Undergrad: 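Right, I'll just put the structure down here and ask away after.
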2 protein chains.
Amino acid sequence: MSLQQRATLDDVARLAGVSRKTVSRVYSEPEKVAGTTRDQVLAAARRLRFRPNTLARTLRRGGTSSTVGLLIGDMSNPFYHSVAAGIERELSSAGLTLVLGSSDDSEEGEERVADALLSQRVAALMMIPAAADQSYLDGERQLGTPVIAVDRPAKNLLADAVLLQNRSGARQATEALLAQGHRQIAYLASPADIYTQRERLAGYRGAMTEAGLGRTGPLEHLSDDADEDAVARAALGSAEPPTAVLAGNNRMSVAVLRAARELQVSPALIGFDDFDTADVLGISVISHDPLEMGRRAAALAVERIARPATVPEVVELPTRLVLRGSERPEGVSL
Amino acid sequence: MSLQQRATLDDVARLAGVSRKTVSRVYSEPEKVAGTTRDQVLAAARRLRFRPNTLARTLRRGGTSSTVGLLIGDMSNPFYHSVAAGIERELSSAGLTLVLGSSDDSEEGEERVADALLSQRVAALMMIPAAADQSYLDGERQLGTPVIAVDRPAKNLLADAVLLQNRSGARQATEALLAQGHRQIAYLASPADIYTQRERLAGYRGAMTEAGLGRTGPLEHLSDDADEDAVARAALGSAEPPTAVLAGNNRMSVAVLRAARELQVSPALIGFDDFDTADVLGISVISHDPLEMGRRAAALAVERIARPATVPEVVELPTRLVLRGSERPEGVSL
DNA sequence: TTGAAAGCGCTACCAA
DNA sequence: TTGGTAGCGCTTTCAA
């Protein structure tokens with residue numbers, strides 16, 4: 001039960017009968033230590049249960065830890081989970097570990113958590129920007145901490161970004177619905193006042209306008225407070241319900257299905273983002289790969305840590321329209 | 001573009017015309033510093049873009065960082081994402097940050113990543129044990145690092161654990177299927193050789209045996225390599241297909257739906273774990289709250305950091321049977 | 001190949 | 001209320 005002290009380089013050095021520096025070398029550049037010396041050191045280290053303290057290593061002037069911070073607003077969205085998983089995978093293969101921070105989608109939250117991560121001297125900061133403005137990070141950028149925005153671009157801050165081709169994805173889906181003969185095509189989003197939704201909405205509007213259906217006002221069901229279910233019910237339950245729905249994201253797609261069941265209607269449906277049972281249900285989606293998105297973003301972070309750059313890079317990943325039947329006039333059958 | 005040096009306590013002290021220690025106090029115990037002095041210091045800090053280095057703070061003898069490590073085998077499972085989200089939330093409200101490590105479900109992976117996290121001097125290590133044995137952590141435990149197992153108990157290691165009532169959950173679901181008149185009730189799991197599945201299987205067997213249906217051998221479809229889809233297809237496509245299926249986890253539930261659609265069959269179904277569209281689809285599930293699980297585990301970690309304990313605590317969280325129709329003889333309709 | 005000394009940014013201890 | 005000194009565990013010169 002005796003809580004022993006944790007062993008340090010010194011302890012190991014003493015037991016192995018070598019200098020501190022030699023022990024250090026065994027862990028940082030083992031090839032520069034004689035084989036026998038190395039074995040002695042490692043034996044001593046094992047006996048003492050020594051574990052190098054990577055925090056202390058970091059203390060060098062201007063040093064950063066081998067961690068990368070990831071700031072997510074809403075941890076409950078499965079899409080961001082996958083992004084995080086992709087990031088983790090890429091980082092770990094680069095020998096970096098992921099430190100997670102959640103702002104719960106609040107303005108001050110984001111800055112507070114960013115602060116905490118930066119105080120830990122993360123080697124880079126990855127974030128899904130949620131606050132109205134990220135200029136508060138400009139000082140850090142100038143101090144050399146790479147900032148990588150994921151899914152949405154950072155505002156008022158020069159930062160690399162990995163985004164989706166939201167606009168063309170939404171446009172393509174709308175065109176597919178138009179091709180099926182639909183005219184009353186609704187667009188549903190909540191929250192709507194975020195980058196991705198503005199882009200997708202623009203894509204939808206573009207396709208509608210081109211088809212001579214520019215009057216989309218009554219067909220747009222956008223909200224920032226109401227939950228997805230409420231928005232979906234309002235849209236499907238309106239006096240003149242749409243024959244087809246474009247759902248702004250994965251959660252809205254599910255909400256539409258739920259509302260359709262409740263209200264006993266069968267609108268055609270295409271949803272942005274793929275989701276678990278979409279294939280089983282035959283739901284058409286604008287698919288993309290969140291894991292890949294995370295991977296790309298993390299790769300960019302790794303690159304910037306090694307070679308700080310002056311010009312931010314913006315990557316736009318493609319989407320893919322996957323038609324499974326729900327785009328047809330007969331709509332979703334539940 | 002000049003990459004300036006990062007400011008330190010010393011720089012701030014110099015600019016503010018006070019001692020280093022005074023600056024330190026402004027950040028650690030501000031109430032012990034005179035108001036005017038504090039203002040001067042903070043002004044200087046702002047001008048220099050000073051940000052305290054929490055890593056250096058940690059360097060005290062035996063010191064740990066204000067981070068908690070979480071070791072997950074398979075980051076792609078949505079269930080663990082929710083657990084992680086719950087953990088993050090609880091930790092952040094305790095002023096701790098979460099460091100994530102993934103072992104990709106490999107034996108050596110787990111130990112390697114645990115090592116990395118411990119080298120960062122996490123204040124506690126939370127893990128979903130995946131390796132066959134966690135005795136390699138015993139040294140750390142003796143050195144005072146709390147270890148909290150989540151979802152599965154640690155093997156050969158005294159550690160706190162937060163688990164589910166797997167057995168009773170599975171038993172209850174099986175009984176519900178029996179009550180509907182089912183006799184050919186299959187149990188499907190992949191991977192099957194893990195704690196949760198062994199427990200759930202035991203619950204299933206118990207209920208079957210009590211109903212005089214102890215011969216469950218042919219009804220058990222367990223695999224460790226095959227993916228869920230293959231297992232589901234094999235089960236539903238057998239010569240004498242079951243009239244009802246108990247799916248071992250969320251992914252298996254979806255696989256069963258997929259297979260049912262492909263093979264044009266409609267077995268009754270109850271799945272362990274809830275999932276996104278289960279309510280829409282009318283799928284009955286053994287529900288529980290992964291967020292809460294994470295929260296409880298993190299709370300335990302926080303507690304142990306403050307007050308190391310000698311006797312491990314094991315918490316078993318309840319499950320809840322949610323019947324939505326798919327348990328009935330007519331089964332799932334797709 | 002190995003070692004001694006200085007220093008990284010901060011805090012604990014004790015003194016003023 | 002404030003400050004000096006001595007570390008924390010490690011790495012980086014520079015020498016041996």
Side-chain angles (χ1 to χ4, degrees), chain A residues 4-42 44-45 48-67 116 118-123 143-145, chain B residues 4-42 44-45 48-66 116 118-123 143-144:
Chain A
Q4 346 169 14
Q5 284 288 337
R6 203 177 274 278
T8 72
L9 268 188
D10 274 299
D11 302 324
V12 177
R14 216 170 301 126
L15 180 60
V18 299
S19 84
R20 201 153 42 149
K21 177 64 212 186
T22 302
V23 180
S24 167
R25 269 197 272 263
V26 168
Y27 288 93
S28 50
E29 25 184 27
E31 70 286 358
K32 292 198 177 174
V33 178
T36 48
T37 318
R38 190 167 52 223
D39 293 344
Q40 282 170 22
V41 169
L42 288 175
L48 295 175
R49 291 213 195 92
F50 170 71
R51 189 190 298 284
N53 185 335
T54 55
L55 262 34
R57 167 180 286 156
T58 292
L59 215 46
R60 242 166 334 162
R61 172 119 206 146
T64 58
S65 66
S66 55
T67 60
L118 292 166
S119 287
Q120 286 183 48
R121 296 298 186 264
V122 290
L143 286 170
T145 308
Chain B
Q4 346 169 13
Q5 283 288 336
R6 203 177 273 281
T8 72
L9 269 187
D10 274 298
D11 302 324
V12 178
R14 216 170 303 124
L15 181 59
V18 299
S19 84
R20 199 152 46 149
K21 178 63 210 188
T22 300
V23 180
S24 166
R25 268 198 272 262
V26 168
Y27 288 93
S28 50
E29 24 183 29
E31 70 286 357
K32 291 196 177 173
V33 178
T36 47
T37 318
R38 190 167 52 224
D39 294 343
Q40 281 169 21
V41 169
L42 289 176
L48 295 175
R49 291 215 195 90
F50 170 71
R51 190 190 297 284
N53 184 334
T54 55
L55 261 33
R57 168 181 284 155
T58 292
L59 213 48
R60 244 164 333 159
R61 172 117 205 146
T64 58
S65 66
S66 56
L118 292 167
S119 286
Q120 287 185 47
R121 297 297 187 264
V122 290
L143 286 170

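Note that these values count all heavy atoms, side chains included, but never hydrogens, waters or copies made by symmetry. Just so we're on the same page: letters track the sequence lines, and every chain starts at 1. Because the structure is predicted, anything quoted here is derived from the model rather than measured.
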Undergrad: Rounded to whole Å, please give me the gap between CD in A:Q40 and P in C:dT1.
TA: 15 Å
Undergrad: Round to a whole Å and report the spacing from CG of B:L55 to P of C:dG9.
TA: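 From B:L55 CG to C:dG9 P: 12 Å.
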Undergrad: Which nucleotide in the list C:dC10, D:dG9, D:dC10 gets nearest to the side chain of A:R57?
TA: D:dC10
Undergrad: Without decimals, in angstroms, what is the distance between A:L143 CG and C:dG9 P?
TA: 13 Å
Undergrad: Does C:dT2 have OP1 or OP2 under 4.0 Å away from a side-chain N or O of A:T37?
TA: yes
Undergrad: Can you tell me how far P of D:dG3 sits from NZ of B:K32, to the nearest Å?
TA: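 Taking atom P of D:dG3 as the reference, NZ of B:K32 is at 15 Å.
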Undergrad: Could you give the CZ-to-C1' distance, from A:R14 to C:dG3, as a whole number of Å?
TA: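 Rounding to the nearest Å, CZ of A:R14 and C1' of C:dG3 are 16 Å apart.
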Undergrad: What is the distance from CZ of A:R25 to C1' of D:dT11, rounded to the nearest Å?
TA: 10 Å
Undergrad: Decide yes or no for B:F50 and B:L42: does some side-chain heavy atom of the first lie under 4.5 Å from some side-chain heavy atom of the second?
TA: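 The answer is no, as the side chains (C-beta and beyond) never meet within the 4.5 Å cut-off.
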Undergrad: Quick one: are A:Q120 and A:T67 in side-chain contact, heavy atoms under 4.5 Å?
TA: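 A:Q120 vs A:T67: side chains apart.
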Undergrad: From the set C:dG3, D:dT2, D:dT11, return the single nucleotide nearest to any side-chain atom of A:R20.
TA: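 Of all the options, the side chain of A:R20 is nearest to D:dT11.
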Undergrad: Check every atom of C:dC10, C:dG3, C:dT11 against the side chain of B:K21 and return the nucleotide holding the closest atom.
TA: C:dT11
Undergrad: What nucleotide, of D:dC10, C:dT2, C:dG9, holds the atom closest to the side chain of A:P52?
TA: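 The listed nucleotide nearest to A:P52's side chain is D:dC10.
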Undergrad: Just to confirm, is there a sub-4.0 Å distance from OP1 or OP2 of D:dT1 to any side-chain nitrogen or oxygen of B:T22?
TA: no
Undergrad: Within this structure, what is the CG-to-C1' distance between B:L9 and D:dG4, rounded to whole angstrom?
TA: 15 Å
Undergrad: In terms of the nearest nucleotide of DNA chain C, which residue is placed more toward the 5' end: A:E31 or A:L59?
TA: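 Mapping each residue to its closest nucleotide by heavy atoms, the 5'-most match is A:E31.
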Undergrad: side-chain contact (heavy atoms from CB on, under 4.5 Å) with A:V23: which of A:D11, A:D10, A:V18?
TA: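 Answer after filtering A:D11, A:D10, A:V18: A:V18.
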Undergrad: Choosing from C:dT1, D:dT2, D:dC10, which nucleotide comes nearest the side chain of B:V33?
TA: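 Among C:dT1, D:dT2, D:dC10, the one nearest the side chain of B:V33 is D:dT2.
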Undergrad: Testing the 3.5 Å rule here: is there a donor-acceptor pair between the side chains of B:R6 and A:T145?
TA: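 Judged by distance alone, the side chains do pair up.
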Undergrad: Is any side-chain heavy atom of B:S65 closer than 4.5 Å to a side-chain heavy atom of A:L55?
TA: yes
Undergrad: Hey, does A:R38 have a side-chain heavy atom less than 4.5 Å from the side chain of A:V41?
TA: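 No, their side chains stay 4.5 Å or more apart.
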Undergrad: Which nucleotide in the set C:dA4, D:dG9, C:dT1 lies at the smallest distance from any side-chain heavy atom of A:S19?
TA: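 Ranking C:dA4, D:dG9, C:dT1 by closest atom to the A:S19 side chain puts C:dA4 first.
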Undergrad: Rounded to whole angstroms, how far apart are CD on B:E29 and P on C:dC10?
TA: 15 Å
Undergrad: Taking for each residue the nucleotide of DNA chain D with the nearest heavy atom, is it A:F50 or B:V18 whose nucleotide lies nearer the 5' end?
TA: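 That would be B:V18.
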Undergrad: Quick one: is B:S24 getting a side-chain N or O under 4.0 Å of the C:dT11 phosphate, OP1 or OP2?
TA: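 Result: yes.
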Undergrad: Answer with base, sugar-phosphate or nothing: what part of the nucleic acid does B:Y27 contact at a heavy-atom distance below 4.0 Å?
TA: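 The answer is nothing, as B:Y27 stays clear of every strand by at least 4.0 Å.
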Undergrad: Please state whether the base of C:dG9 and the side chain of B:R51 form at least one donor-acceptor pair under 3.5 Å?
TA: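 Checked by distance alone, the answer is no.
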